[in-house]
Amino acid sequence: MAAAPTTVQLIEKHRPTLDRALDTVRSRAYWSPHPEHPKAYGQEHGSLDAAAGKAAFDALLGGRFELDQPGTVGWGGAERSPYGLDLGVEYPLVDVDVLLPAMREAMPDWAAAGPEARAAVCLEILSRINARTHEFAQAVMHTSGQAYMMAMQAGGPHAQDRGLEAVAYAYAEQTRTPERAHWSKPQGKRDPLNLDKTFTAVPRGIALVIGCNTFPTWNGYPGLFASLATGNPVLVKPHPRAVLPLALTVRIARETLAESGFDPNLVALAAEEEGSRIAATLAVRPEVRIIDYTGSTEFGDWLEANARQAQVYTEKAGVNTVVVDSTDDYRGMLANLAFSLSLYSGQMCTTPQNVLIPRGGISTDGGKKSYDEVVADLAAAVDKLLGDDARAVALLGAIVNPQVGARIDAAGGLGEVALASRQIEHPEFPGATVRTPVIVKLDGGKADAEAAYLSECFGPVSFAVAVDSTADAVELLRRTVREKGAMTVGAYTTDADTERLVEEACLTECAQLSLNLTGGVYVNQTAAFSDFHGSGGNPAANAALCDGAFVANRFRVVEVRRQA
């Protein structure tokens with residue numbers, strides 16, 4: 001058996017990756033150490049290929065997921081795949097009065113290790129997760145409903161990139177202040193005043209990560225690794241329908257920490273039975289000093305109002321908007337929007353919901369197009385994209401829960417249906433619910449329509465909103481972001497003045513903007529190390545993934561002064 005790696009060895013192994021990540025967050029260029037192509041993983045690379053990953057996932061089904069963590073008082077779990085499979089995995093249920101003290105006891109050695117050693121251990125955890133990307137892909141697919149390729153990429157390397165990005169920001173912020181300084185103040189004819197000073201990054205306390213159903217790793221890793229890298233123990237509370245991906249993460253983290261000479265209780269799992277609301281109980285515990293949450297606005301608002309002892313980072317709901325003024329690539333615009341509306345059945349916090357189109361139509365490279373023509377052509381583009389069922393299921397995935405299906409069914413009663421949703425039979429998983437998007441035409445000047453398009457309708461539901469002019473569209477955009485929030489904003493225009501107006505609106509209301517996307521980059525996708533996910537400046541989220549503000553308040557710098 002090989003000897004366990006020391007922190008010195010891990011620093012030597014992972015320092016080049018950390019340095020590259022630090023360089024890239026400064027340059028905002030493209031880079032990823034985690035391959036996104038499925039064939040990059042295989043035994044010859046020391047990782048699981050697709051078949052081995054599937055076998056590893058299958059071996060977990062119907063069994064107990066052992067973690068050997070303190071305070072286990074029972075077992076529970078009722079995950080059912082959106083593809084129709086009962087996972088049958090049981091997870092440890094914990095007595096938090098036993099677990100939380102054990103986690104606090106693990107803090108001193110981890111805090112004393114310093115930022116570089118902590119970063120190296122975090123990167124080793126990510127490296128081991130990366131080697132099991134195909135196993136994670138199965139776990140993400142069968143808890144979130146993502147199609148396999150998306151689960152493999154977004155739930156694997158893209159999530160790992162976001163975790164690494166958080167570690168890099170955490171390291172940069174902790175090392176911004178030197179560890180030691182000599183201070184000498186001249187006193188004229190008298191001897192100078194001399195002090196020796198030390199500055200230590202001190203963690204806040206236990207961090208709670210509250211996972212979501214749709215992107216358990218992608219949304220979970222930034223907070224998990226930001227807190228761990230800044231010296232805080234992390235308690236992971238997954239969504240009850242998406243436990244397995246984060247349970248695997250916790251197991252790998254605990255194994256890595258133990259092998260590196262640290263207490264494995266620095267990372268623990270708090271599974272729950274659905275409806276038990278353990279997140280609300282944990283969130284107000286005095287030991288919990290940091291909370292990362294992705295999910296509904298209602299509970300996010302509750303956390304911000306009630307978890308007053310903790311630093312709370314939330315990603316909630318928003319109403320994402322696209323302004324369509326004009327384009328010099330009409331077909332490219334339609335294809336890009338069609339893909340954005342369809343990807344993962346619109347079950348992304350970044351999916352466009354409202355498409356604002358002037359009543360008088362828009363200018364295009366194919367001539368003037370009326371509002372009705374634009375909407376009909378967009379519907380046709382979605383139909384064409386999803387016309388082949390095999391291609392459609394690979395793009396749409398499965399509907400994650402019945403509530404999304406209910407929203408699709410109800411959308412037809414809100415206005416004129418430009419594109420009706422249809423159900424697709426999944427060739428491999430007959431138990432899956434697969435639905436194509438619905439597009440509804442709404443009049444932006446009517447009060448009843450406003451109630452619909454100013455509310456988030458999570459899932460593959462989009463509104464083509466007729467407005468009096470592009471200027472009105474920009475004003476509606478401002479209002480939407482200010483009142484409801486937005487994770488993303490898109491705009492299409494060939495007019496410099498209009499582009500300036502949209503950009504000014506997004507700068508003022510603090511929303512991330514994508515202009516004139518017609519190729520293979522989509523408004524609902526962001527790249528780690530380069531793109532900011534959310535801004536932290538509008539109601540959709542109070543933090544951005546990832547920036548200095550996301551990590552800097554997870555620790556405080558404590559100074560000790562000594563007479564020199």
Side-chain angles (χ1 to χ4, degrees), residues 1-15 17-18 21 65-72 92 94 96 98-132 160 163-164 166-171 173-175 179 200-209 220-237 246-270 287-290 292 551 554-556 558:
M1 180 180 294
T6 66
T7 53
V8 173
Q9 290 171 324
L10 291 179
I11 290 170
E12 182 179 354
K13 176 181 177 182
H14 294 295
R15 185 72 217 204
T17 301
L18 177 61
F65 196 96
E66 300 281 355
L67 283 174
D68 191 28
Q69 59 185 27
T72 299
V94 297
V96 295
V98 176
L99 180 60
L100 293 178
M103 297 184 74
R104 292 186 68 177
E105 289 175 11
M107 282 184 66
D109 287 347
W110 185 239
E116 187 174 32
R118 289 196 294 267
V121 174
C122 287
L123 265 60
E124 177 65 15
I125 295 169
L126 284 165
S127 175
R128 296 185 185 191
I129 290 171
N130 178 254
R132 296 166 64 175
Q160 296 151 22
L164 172 55
V167 173
Y169 271 104
Y171 178 82
E173 292 299 323
Q174 289 174 100
T175 57
E179 292 182 3
T200 304
V202 177
R204 279 188 174 272
I206 293 173
L208 174 66
V209 173
Y221 283 4
L224 192 164
F225 284 99
S227 288
L228 193 61
T230 49
N232 304 282
V234 182
L235 180 59
V236 179
K237 203 299 294 182
L246 290 178
L248 284 168
T249 303
V250 168
R251 176 183 278 176
I252 292 170
R254 290 176 63 85
E255 291 170 352
T256 307
L257 286 161
E259 290 177 20
S260 305
F262 297 101
D263 191 329
N265 294 324
L266 286 163
V267 180
L269 184 76
E287 304 96 327
V288 172
R289 305 304 301 276
I290 302 166
D292 288 278
V551 299
R554 295 171 192 264
F555 67 94
R556 306 313 298 157
V558 175

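Bear in mind the structure is a predicted one, so any value in this text is a computation, not a measurement.
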A.B. asks: Considering only heavy atoms from C-beta outward, does the side chain of L123 approach that of V167 to under 4.5 Å?
C.D. replies: yes
A.B. asks: Just to verify, what does N130 make a side chain to side chain donor-acceptor pair (under 3.5 Å) with, not counting sequence neighbours?
C.D. replies: Y41, Q160
A.B. asks: Count the heavy atoms belonging to other residues, nucleotides or ligands that lie under 6.0 Å from CD of E179, then report whether that count exceeds 12.
C.D. replies: no
A.B. asks: List in chain and number order the residues that pass salt bridge (charged side-chain N to carboxylate O under 4.0 Å, His left out) with R132, two or more places apart in sequence or in another chain; answer none if no residue qualifies.
C.D. replies: E135
A.B. asks: Residues in side-chain contact (heavy atoms from CB on, under 4.5 Å) with A268, at least two apart?
C.D. replies: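 Scan of A268 (side-chain contact (heavy atoms from CB on, under 4.5 Å), adjacent residues dropped) gives Q69, L99, M103, L235, R254.
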A.B. asks: Over all heavy atoms of both residues, which pair between L10 and S260 is shortest? Give the atoms and the distance, please.
C.D. replies: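 Smallest heavy-atom distance, with atoms named: CD1-OG, 3.4 Å.
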A.B. asks: Indicate the atoms forming the closest heavy-atom contact of M107 with P203, along with that distance.
C.D. replies: CE-CG, 3.6 Å
A.B. asks: Please list all pairs meeting side chain to side chain donor-acceptor pair (under 3.5 Å) that have one or both residues in residues 110-122, counting only residues at least two apart or in different chains.
C.D. replies: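 Checked against side chain to side chain donor-acceptor pair (under 3.5 Å) - neighbours excluded - the pairs reaching residues 110-122 are R15-E116, R118-Q174.
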A.B. asks: If the condition is side chain to side chain donor-acceptor pair (under 3.5 Å), which residues does R251 pass it with, not counting sequence neighbours?
C.D. replies: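 Checked R251 against side chain to side chain donor-acceptor pair (under 3.5 Å); zero matches.
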A.B. asks: Give every residue pair that meets the salt bridge (charged side-chain N to carboxylate O under 4.0 Å, His left out) criterion with at least one member in residues 121-131, sequence neighbours excluded.
C.D. replies: K13-E124, E124-R128, R128-E259
A.B. asks: Might you point out which heavy atoms bring A119 and L18 nearest each other, and give the distance in Å?
C.D. replies: CB-CD2, 4.0 Å
A.B. asks: Nearest 0.5 Å, please: how far is CD1 in I129 from OG1 in T256?
C.D. replies: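 Between T256 OG1 and I129 CD1, I get 7.5 Å after rounding to 0.5 Å.
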A.B. asks: How long is the gap from OG1 on T6 to CD on E12, to the nearest 0.5 Å?
C.D. replies: 9.0 Å
A.B. asks: Check side-chain contact (heavy atoms from CB on, under 4.5 Å) between A253 and all other residues, then give those that pass, not counting sequence neighbours.
C.D. replies: I125, V267
A.B. asks: Listing request: all salt bridge (charged side-chain N to carboxylate O under 4.0 Å, His left out) pairs with a residue in residues 224-233, at least two apart in sequence or in separate chains.
C.D. replies: none
A.B. asks: Identify each donor-acceptor pair in which a side-chain atom of residues 220-230 lies under 3.5 Å from a protein atom, sequence neighbours left out, and give them as a table.
C.D. replies:
from : atom 1 : to   : atom 2 : distance (Å)
Y221 : OH     : T249 : OG1    : 2.7
S227 : OG     : G223 : O      : 3.3
S227 : OG     : R554 : NH1    : 2.7
T230 : OG1    : A226 : O      : 2.7
T230 : OG1    : S227 : O      : 3.0
T230 : OG1    : N232 : ND2    : 3.0

A.B. asks: Can you list everything that forms a side chain to side chain donor-acceptor pair (under 3.5 Å) with E173? Sequence neighbours excluded, please.
C.D. replies: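 Checked E173 against side chain to side chain donor-acceptor pair (under 3.5 Å); matches are R176.
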A.B. asks: Specify the closest pair of heavy atoms between A117 and T7, including all atoms of both residues, with the distance to one decimal.
C.D. replies: CB-CB, 4.3 Å
A.B. asks: Could you measure the distance from the CD atom of E105 to the CG atom of N265? Nearest 0.5 Å is fine.
C.D. replies: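 Here the interatomic distance stands at 8.5 Å.
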A.B. asks: Determine whether more than 12 heavy atoms belonging to other residues, nucleotides or ligands lie under 6.0 Å from atom CZ of R104.
C.D. replies: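 Incorrect, the count does not exceed 12.
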A.B. asks: If you look at every heavy atom in L266 and A106, which pair is closest and at what distance?
C.D. replies: CD2-O, 3.5 Å
A.B. asks: Which atom pair, heavy atoms only, marks the closest approach of R204 to R289?
C.D. replies: O-CG, 3.4 Å
A.B. asks: How far does CZ of F555 sit from CD1 of I290, to the nearest 0.5 angstrom?
C.D. replies: 10.5 Å
